[in-house]
Protein chains: 2
Amino acid sequence: MRADARENRARVLTVARELFAERGLEVPMAAIARRAGVGIATLYRRFPTKESLVMEAFAEQFAVCQGVIDDALRDPDPWRGLCTVIEKVCLLQAADRGFTAAFTASFPELHSEVRDRTWEHFAALVRRAKDSGQLRADFSPHDLTLVLMANSGLSGVPVEVATAASRRLVAYLLESFRSGTDVLPPPVPLSLDLVLS
Amino acid sequence: MRADARENRARVLTVARELFAERGLEVPMAAIARRAGVGIATLYRRFPTKESLVMEAFAEQFAVCQGVIDDALRDPDPWRGLCTVIEKVCLLQAADRGFTAAFTASFPELHSEVRDRTWEHFAALVRRAKDSGQLRADFSPHDLTLVLMANSGLSGVPVEVATAASRRLVAYLLESFRSGTDVLPPPVPLSLDLVLS
DNA sequence: CCTCAAGCGGACGGGGGTCTCCACTTAGCA
DNA sequence: TGCTAAGTGGAGACCCCCGTCCGCTTGAGG
């Protein structure tokens, strides 16, 4: 690949990440091309479809996401691990307006093996946190999805506001997860497949 | 207005409410017209713009919303009033996929007098609930907006799932609002104007 | 420096959305 | 029953988006 082409490709990716974060995935390809200083055709030669651009732009964040859960599982304090997972992923989500959409869009592509493993890891974390007595017994692993969906509702405001709001929301929820005594409505198995239909 | 015309208009409104609830505001005008059994032109004669159709379709729900807060203020138990407000409005939101979008879209139109009054009513409710010792002192009236935005993140799944999820989310949050002892991140003044920019 | 394949940009096709125009139909009154 | 204004439906103008095609440009090796 020629030097100028490589540079153009990199600039497109950077710009795409910025715009997706600012304005969500609905930003037109033409806007990305314009801001990157290239023609539309150039953009489409490097990324044959909008989806492929989105995937590449968010690949890094997905890896981070994955790592967060694995790190948390290694934390000797399961409650702290759980809090960290929720806090970090929610902040990622709040700071990037396109994150949720990219994640749900990429969900079917993710090899089911990987996602099942991640889910089991999280379930194990929940179990250990309950056993240590720091997490309420009626917490369900599906509540992670509940939190993520709720947190996604904060996107759409400027990033600084969204992150501040996310922090407060998560603080409220975590407090309830720890010390809860009320009777809750039953957990809802919020499979992401539901969002996609 | 001719009898058949009046009936057509009513049918359009009914169908619009159904489709907006099911599929959100992005449902095309053509789909509404088709399902109502009228031509597109008929639809546009009664509602000169899509926005006007949305406003009329949701006017009823806005009134309900208004009433919910006023009722709550008359409740002798301010904590129960607060819970009722949050629960009812969140359920309205979860049951109708277009509700949030319609609300934020109509927000600038709402006479500022009305919305200021409603906001003051809610703030008064919060104050009374704090005075009665049932609501944590660091709760902010802006947290209502926080809850509504979070709850709006649950739209997009089938209605029954969304309502169940909403109930559980609200239960978690209310528990935290009542019994909270943790230090929270500062409240975020989530003006709805932010969502519109 | 010359060559040429790799790279480039913008015009364009196709699809889907909102809203308009206009020739036809029909309710409802005398 | 006949008249007419109110009502109707669908074609199409206009716009925005994704993705393609094609003639021009340019980096870089010999």
Side-chain angles (χ1 to χ4, degrees), chain A residues 1-58 97-98 101-102 104-106 108-109 156 196-197, chain B residues 1-58 97-98 101-102 104-106 108-109 156 196-197:
Chain A
M1 195 151 108
R2 240 163 62 177
D4 55 343
R6 193 150 13 97
E7 200 197 322
N8 277 343
R9 187 181 194 281
R11 204 165 53 250
V12 163
L13 259 181
T14 306
V15 165
R17 275 193 264 259
E18 287 171 11
L19 287 181
F20 287 152
E22 266 174 46
R23 295 160 47 188
L25 299 191
E26 77 280 9
V27 64
M29 293 294 261
I32 297 173
R34 199 174 338 114
R35 183 135 136 194
V38 301
I40 307 179
T42 300
L43 197 163
Y44 272 98
R45 187 166 326 97
R46 300 306 163 210
F47 307 95
T49 161
K50 183 169 188 176
E51 193 189 340
S52 67
L53 174 60
V54 170
M55 289 308 151
E56 181 113 6
F58 283 94
R97 201 159 161 171
T104 58
S106 76
E109 323 296 328
L196 303 170
S197 62
Chain B
M1 192 151 109
R2 240 162 64 175
D4 54 344
R6 191 150 13 96
E7 199 196 322
N8 277 343
R9 187 181 195 282
R11 204 165 52 250
V12 163
L13 259 181
T14 307
V15 164
R17 275 193 265 258
E18 286 170 11
L19 287 181
F20 287 152
E22 266 174 47
R23 296 161 47 188
L25 298 192
E26 78 279 11
V27 65
M29 293 294 263
I32 297 173
R34 199 174 340 114
R35 183 136 137 194
V38 301
I40 306 179
T42 302
L43 197 163
Y44 272 98
R45 187 163 328 93
R46 298 307 162 207
F47 307 95
T49 162
K50 183 169 187 175
E51 193 190 340
S52 68
L53 174 60
V54 170
M55 289 308 150
E56 180 112 9
F58 284 94
R97 205 160 158 170
T104 58
S106 77
E109 324 296 325
L196 303 171
S197 61

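In what follows, every chain begins at residue 1, and chains take the letters A, B, ... in the order their sequences are listed. Values below: every heavy atom of this structure, side chains too, minus hydrogens, waters and symmetry copies.
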Which residues in residues 31-38 of chain B have a heavy atom closer than 4.0 Å to any atom of DNA chain D? B:Gly37, B:Val38
Can B:Glu7 and B:Arg2 be said to form a side chain to side chain contact (heavy atoms under 4.5 Å, CB included), step by step? CA-CA 9 Å; B:Glu7 199 196 322; B:Arg2 240 162 64 175; over 6 Å; no
First-last contacting nucleotides on DNA chain D - partner chain A, under 4.0 angstrom, heavy atom: D:dC17 to D:dA28
For DNA chain C, what residues of residues 44-55 of chain A have any heavy atom nearer than 4.0 Å? A:Arg45, A:Arg46
What are the bounds, 5' to 3', of the part of DNA chain C that sits under 4.0 Å from heavy atoms of chain B? C:dG17 to C:dG28
Does the B:Lys50 side chain pair with the main chain of B:Leu25, one donor and one acceptor, at a distance under 3.5 Å? yes
Residues at least two apart in sequence or cross-chain that pass salt bridge (charged side-chain N to carboxylate O under 4.0 Å, His left out) with A:Arg6, listed by chain then number, are none
Could I get the full list of side chain to side chain donor-acceptor pair (under 3.5 Å) partners for A:Glu109, not counting sequence neighbours? none
Taking all heavy atoms of B:Gly98 and all of B:Phe58, pick out the closest pair and write down the distance. C-CZ, 3.7 Å
Check salt bridge (charged side-chain N to carboxylate O under 4.0 Å, His left out) between B:Glu26 and all other residues, then give those that pass, not counting sequence neighbours. none
Donor-acceptor pairs under 3.5 angstrom involving side-chain atoms of residues 31-49 of chain B: please list them, not counting sequence neighbours.
from, atom 1, to, atom 2, distance (Å)
B:Arg35, NH2, B:Glu18, OE1, 3.2
B:Arg35, NH2, B:Glu22, OE2, 3.3
B:Thr49, OG1, B:Glu51, N, 3.3

Short of 4.0 Å, heavy atom to strand atom, which residues of residues 1-22 of chain B count as contacting DNA chain C? B:Arg2, B:Ala3, B:Asp4
Under a 3.5 Å distance rule, please check whether A:Arg17 uses its side chain to pair with a backbone N or O of A:Ala57 as donor and acceptor. yes
Pair A:Asn8-A:Arg11, side chain to side chain contact (heavy atoms under 4.5 Å, CB included): steps then yes or no: CA-CA 5 Å; A:Asn8 277 343; A:Arg11 204 165 53 250; 2.6 Å; yes
Heavy atoms only: give me the nearest B:Pro28-B:Arg23 pair and the separation to one decimal. CD-NH2, 4.0 Å
